[in-house]
Protein chains: 2
Amino acid sequence: MGTTQLETAPEPKYWHLKTVLSDALDSEFAVGEILPNERELAARFGVARATLRQALEQLELEGRLQRRRGVGTTVAPPRVGVAVADAEHAWPGTTEDDWQPVDSAEAAPPAAVALLLGTGRDETTHTVRRTRSSHGRPVATELLYVPASALAGLDIPETAPGPARARAVLRALHRLPLEGQDRAVELGSARADDAKQLDRLPGAPVLLVTTRYFAEGRTAAVAVATYRADTCRLTFGDGDPVGLLAS
Amino acid sequence: MGTTQLETAPEPKYWHLKTVLSDALDSEFAVGEILPNERELAARFGVARATLRQALEQLELEGRLQRRRGVGTTVAPPRVGVAVADAEHAWPGTTEDDWQPVDSAEAAPPAAVALLLGTGRDETTHTVRRTRSSHGRPVATELLYVPASALAGLDIPETAPGPARARAVLRALHRLPLEGQDRAVELGSARADDAKQLDRLPGAPVLLVTTRYFAEGRTAAVAVATYRADTCRLTFGDGDPVGLLAS
DNA sequence: AAGTGGTCTAGACCACCCG
DNA sequence: GGGTGGTCTAGACCACTTG
């Protein structure tokens, strides 16, 4: 009776705001352009700053915006496609790609990785840190875990830590016959160390790519790659066989 | 002098809170168990509710928690692995999988899809909606776009909208010779209609899987699948060639 | 009707970047 | 030092589910 509740469901303010801003980005802003600051935008739309931020967070999640503390909010370029799977299986670091070995050490793998490797937590394991850049920007960081037992008989020179040692571990790995591999992609949030490498704040949304490498009848290595979810589109392409895709 | 600022950088409260809660989930809670409500948790940890929610949001993003309005917050089961890529290329709907055709219509594709198809926005295009379930829960919804011109000469019976029409479009597609395909994965937020199908709120984080199908020298179809990012781990497996993975 | 998570507010302070 | 985004608070009301 008194209830004039004919409107189905009131759209949340931040959701409507996101739509309005998204349209504005398409029509009125150029890539790289800087937006008015949050306090002014909130005032302009007549909402609290927290509400505006909820809309901005969504747009950043979708790769439309880029926010940097102390600087401002800018219009993000379209996501870059980064190739994750080649047509053929290969050990990491064999082909010329845009990965850069950074460092290597011996450490105990996290429990989840130990499970994939089928090793105990106490088994000594080589770790190799690599980072990947695209168009000059860091897009991913990776930790590769190789149980020492998988490299039995292959010598890792006792060099000082650093890229040289990382390359040495990779070279040893390449001597094994790769029998197959396996990938999984899931959403995660950046750990503190990964965030620093990716130039993001801890907790930033990332795409976790877990790769298992099989050799000699066992899981010989596991790689966990952390891609910036805001700027990356992961491509799995045997791709275009006929050269269709222009532009 | 007076500055006793020896601590490097104060960890945000919500970040520390997330760690504490995460450990508690591992040690003190069982899957499916219901947590104390947000007001009580906030009081217990001596923080504002908004701060607690920031921690819970992260844990939900990582698939550790599940929150439902009017019900409560429960401990989420581990993410389910859903196979996205088979060893061989195939049209959608050819193999027996867990996709269910839902409906079909003729509609103009969104601009981004039209670009991938290489068609104008005005070209009539068949759309097929499918949904995918795993363990009885909806995990993904998909929209398949097939330009009418790609199916030239193949008849689509003029049936009423519904699963039958969807299957008819798929059958027509299967008559084309598949020459290749292409995939990309990126982070997105659920549109209102997708969110409803996935039993989530609009804006929920999702993994967008875009597949291009090539036939007869052109892009014959584009599929955009929307996977729940909180509950899904996408697997790309030629997988385990030797049957290693037990458990 | 009671209890839950979801939205929103108006304010404060902090960490960071730059000129 | 001034401006930016990031964190945090203490409240309020709403939408939804369940007994």
Side-chain angles (χ1 to χ4, degrees), chain A residues 3 5-18 21 33-61 65-76 189-190 192 195-196 199-205 230, chain B residues 3 5 7-19 21 33-61 65-76 189-190 192 195-196 199-205 230:
Chain A
T3 66
Q5 167 94 21
L6 291 185
E7 287 90 306
T8 53
E11 202 175 38
K13 275 191 190 177
Y14 77 91
W15 185 261
H16 179 244
L17 207 50
K18 180 192 136 183
L21 285 169
E33 194 169 346
I34 188 165
L35 266 61
N37 71 55
E38 297 184 350
R39 289 159 179 89
E40 181 178 335
L41 278 178
R44 188 178 301 186
F45 287 104
V47 300
R49 190 176 154 219
T51 304
L52 174 81
R53 279 180 59 82
Q54 214 171 337
L56 294 183
E57 261 149 40
Q58 285 242 356
L59 289 170
E60 189 178 28
L61 199 79
L65 291 180
Q66 199 160 338
R67 299 193 288 173
R68 273 179 306 170
R69 166 153 50 178
V71 180
T73 302
T74 56
V75 181
S189 46
K196 181 162 289 186
D199 192 24
R200 299 250 56 200
L201 289 178
D230 54 345
Chain B
T3 66
Q5 168 93 21
E7 286 90 308
T8 53
E11 201 174 39
K13 275 192 190 177
Y14 78 91
W15 185 261
H16 179 243
L17 207 49
K18 181 193 136 184
T19 320
L21 286 169
E33 195 169 344
I34 188 166
L35 265 61
N37 71 56
E38 297 184 349
R39 288 158 179 90
E40 182 178 335
L41 279 177
R44 189 179 301 186
F45 287 104
V47 299
R49 192 177 153 219
T51 304
L52 174 82
R53 279 179 60 81
Q54 215 172 335
L56 294 183
E57 260 149 39
Q58 285 241 358
L59 289 170
E60 189 178 29
L61 200 80
L65 291 179
Q66 199 160 339
R67 299 192 289 173
R68 273 177 306 169
R69 168 152 50 177
V71 179
T73 302
T74 56
V75 181
S189 47
K196 181 163 290 186
D199 192 23
R200 299 250 56 199
L201 289 178
D230 55 344

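To find a chain, count down the sequence lines: A is the first, B the second, and so on, and within it residues start at 1.
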task: Establish whether the base of D:dG6 is bridged to the side chain of A:R49 by a donor-acceptor pair shorter than 3.5 Å.
output: yes
### Task
Considering just the side-chain nitrogens and oxygens of A:N37, establish if one lies under 4.0 Å of OP1 or OP2 belonging to D:dT4.
yes
Separation between CG (B:L56) and CG (B:L17), nearest 0.5 Å, reads 7.5 Å
Taken to the nearest whole Å, CZ/A:R39 to C1'/D:dT7 is 12 Å
- Message: Mind checking if A:L56 touches a base, just sugar-phosphate, or nothing, with heavy atoms under 4.0 Å?
- Response: nothing
CG of A:D230 to CZ of A:R200, rounded to nearest 0.5 Å, is 4.5 Å
B:A55 and B:Y14 have their tightest heavy-atom pair at CB-O, 3.5 Å
| query | Any side-chain N or O of B:T51 under 4.0 Å from OP1/OP2 of D:dT7? | reply | no
To the nearest angstrom, the CD1-C1' distance between B:I34 and C:dG3 comes to 10 Å
B:H16 atom NE2 is separated from D:dG6 atom P, nearest whole Å, by 23 Å
Between CG of A:L201 and C1' of D:dG6 the distance, given in whole Å, is 7 Å
Under a 4.0 Å heavy-atom cutoff, the residues of residues 67-74 of chain A touching DNA chain C are A:R69, A:G70, A:V71
Between the CD atom in B:E40 and the CG atom in B:L52, the distance rounded to the nearest 0.5 Å is 11.0 Å
B:G203 and B:S189 have their tightest heavy-atom pair at O-CB, 3.4 Å
Minimal heavy-atom distance between B:L41 and B:P36, with the atoms involved, is CD1-O, 3.5 Å
Kindly say if B:R53 contacts the phosphate of C:dG6, meaning a side-chain N or O under 4.0 Å from OP1 or OP2.
yes
Whole-Å distance, A:F45 CZ to C:dT9 C1', equals 18 Å
Has A:Y14 got a side-chain N or O lying under 4.0 Å from the OP1 or OP2 atom of C:dC8?
no
Assert: residue with more 5' nearest nucleotide on DNA chain C, out of A:A48 and B:P36, is B:P36
Under 4.5 Å between any side-chain heavy atoms of A:Q58 and A:W15, yes or no?
yes
Rounded to 10°, the helix from C:dA1-D:dT18 to C:dC18-D:dG1 deviates from straight, judged by its five-pair end axes, by 10°
Of C:dT7, C:dT9, D:dC8, the nucleotide closest to the side chain of A:P12 is C:dT7
Exercise. So with a 6.0 Å cut-off around CZ of A:R49, is the heavy-atom count from everything else above 12?
Worked result: yes
Salt bridge (Lys or Arg N to Asp or Glu O under 4.0 Å) filter on A:R67, not counting sequence neighbours, yields A:E38, A:E57, A:E60
Whole-Å distance, A:W15 CH2 to D:dA15 P, equals 18 Å
A:K13 NZ to D:dA12 P, in whole Å, measures 18 Å
Between CD of A:E11 and P of D:dC14 the distance, given in whole Å, is 18 Å
d(A:R68 CZ, A:T73 OG1) to nearest 0.5 Å is 10.0 Å
